[in-house]
Novice: 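Below is a structure I'd like to ask you about.
Worth saying up front: this structure is predicted, and the values here are computed from it rather than measured. Every chain is numbered from 1 and lettered A, B, ... according to where its sequence line falls, protein lines coming before strand lines.
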Amino acid sequence: MAEPKPRVKVPKKAAAGEVITIKTLISHPMESGQRKDKQGNLIPRQIINKFTCEFNGQVVFSCDMDPAVSANPYMEFSAKVNEPGTFKFTWVDDDGSVYETEKKITVE
Amino acid sequence: MSFTRRQVFGLTIGAAAFVAAGSRVSFAATDQTEEAIKAFTGGAEPKKGTVSLDTPEIAENGNTVPVGVSVDSPMTADNYVESVLILADGNPNPAVATFHFTAMSGAAEAKTRIRLAKTQNVIAVAKMNDGSSFIDSKEVKVTIGGCGG
């Protein structure tokens, strides 16, 4: 499996107190544990089970995922920005790997 | 006081109609789905309204079905939506995802893409910080299933 690549879309700047929309996507097969290979053996489950978005260290949004979330999980949510800072996005894999990315935002 | 056979018959139908027309959300939920809702709300029966689910009527490919959920809430520090549970009652495992919001979310809205094994109901249950809960459900027709194969 190729290393999952997170992609995040956050506006570069916002007005103080503005509610912005954040879109995230990470490449991941989200193997559900329901599929079988050609020999009829069950392919073991491997999904991203947790996604978290933090702003300056405070949790803004998080999501627990089950195998019913599609491959390359896409998340769209909103955040209220009162001050400039950094959004930190974290995905946790079933095998314990953690994928992270960060985005800065300025407030005018 | 005794009832004639006819009276008893009439009463039974009346009672059944009353139950059906009551405030209870009527959808053909499986036991597993109902249990998941109960576990999420802590046993309370969620009310209809406030939360709204945005799903396509027909999904050609069950592998990626866009699903959006929004909850009508001011999202302030003392009045906000804690979490929203998404369920699909026809999947091998009804749990889909749980969104957790905070007052910093600004709006209780989220969109994602999910897998649906067959034509079924997608259910959203929202839990507020004061403990009340709300429910919405929509049927999605699926042409090609998204699980197994």
Novice: Between A:Val19, A:Val69, A:Val81, A:Val59, who has the most heavy-atom pairs with chain B when the cutoff is under 4.5 Å?
Specialist: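 Option with the top pair count is A:Val69.
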Novice: Which heavy-atom pair separates A:Ile105 from A:Lys13 by the least distance, and what is that distance?
Specialist: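 Looks like CG1-CA, 4.0 Å.
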Novice: So does B:Ala107 get a backbone contact from the side chain of A:Ser78, meaning a donor-acceptor N/O pair under 3.5 Å?
Specialist: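 Yes; judged by distance alone, with no hydrogens or angles, the pair exists.
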Novice: Using non-hydrogen atoms and a 4.5 Å limit, figure out which bit of A:Leu25 sits close to chain B: side chain, backbone, both or neither.
Specialist: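 The answer is the side chain of A:Leu25.
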Novice: Test of understanding: clusters of I, L, V, M, F, W, Y form through side-chain heavy atoms closer than 4.5 Å, transitively. Do A:Ile48 and A:Val92 belong to the same one?
Specialist: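 A:Ile48 does not cluster with A:Val92.
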Novice: Which value, rounded to the nearest 0.5 Å, describes the distance between B:Asn93 atom CG and A:Asp66 atom CG?
Specialist: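 Taking CG in B:Asn93 and CG in A:Asp66, the distance rounds to 6.0 Å.
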Novice: Using a cut-off of under 4.5 Å for heavy-atom pairs, which of A:Ala68, A:Ser70, A:Ala71 has the most such pairs with chain B?
Specialist: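 Option with the top pair count is A:Ser70.
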Novice: Would you mind telling me which of B:Ala97, B:Ser83, B:Pro66 has the largest number of heavy-atom pairs within less than 4.5 Å of chain A?
Specialist: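 Of the candidates given, the most pairs with chain A belong to B:Ala97.
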Novice: Verify, without hydrogens or angle tests, whether B:Ser133 (side chain) and B:Ala126 (backbone) share a donor-acceptor contact under 3.5 angstrom.
Specialist: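 Side chain of B:Ser133 to backbone of B:Ala126: no pair is present.
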Novice: Give, as side chain, backbone, both or neither, the part of A:Phe55 having an atom under 4.5 angstrom from any heavy atom of chain B.
Specialist: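 For A:Phe55, the contact with chain B is made by backbone and side chain together.
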Novice: Name the region of B:Ala88, side chain, backbone, both or neither, that has any atom closer than 4.5 Å to a heavy atom of chain A.
Specialist: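 Neither the backbone nor the side chain of B:Ala88 comes within 4.5 Å of chain A.
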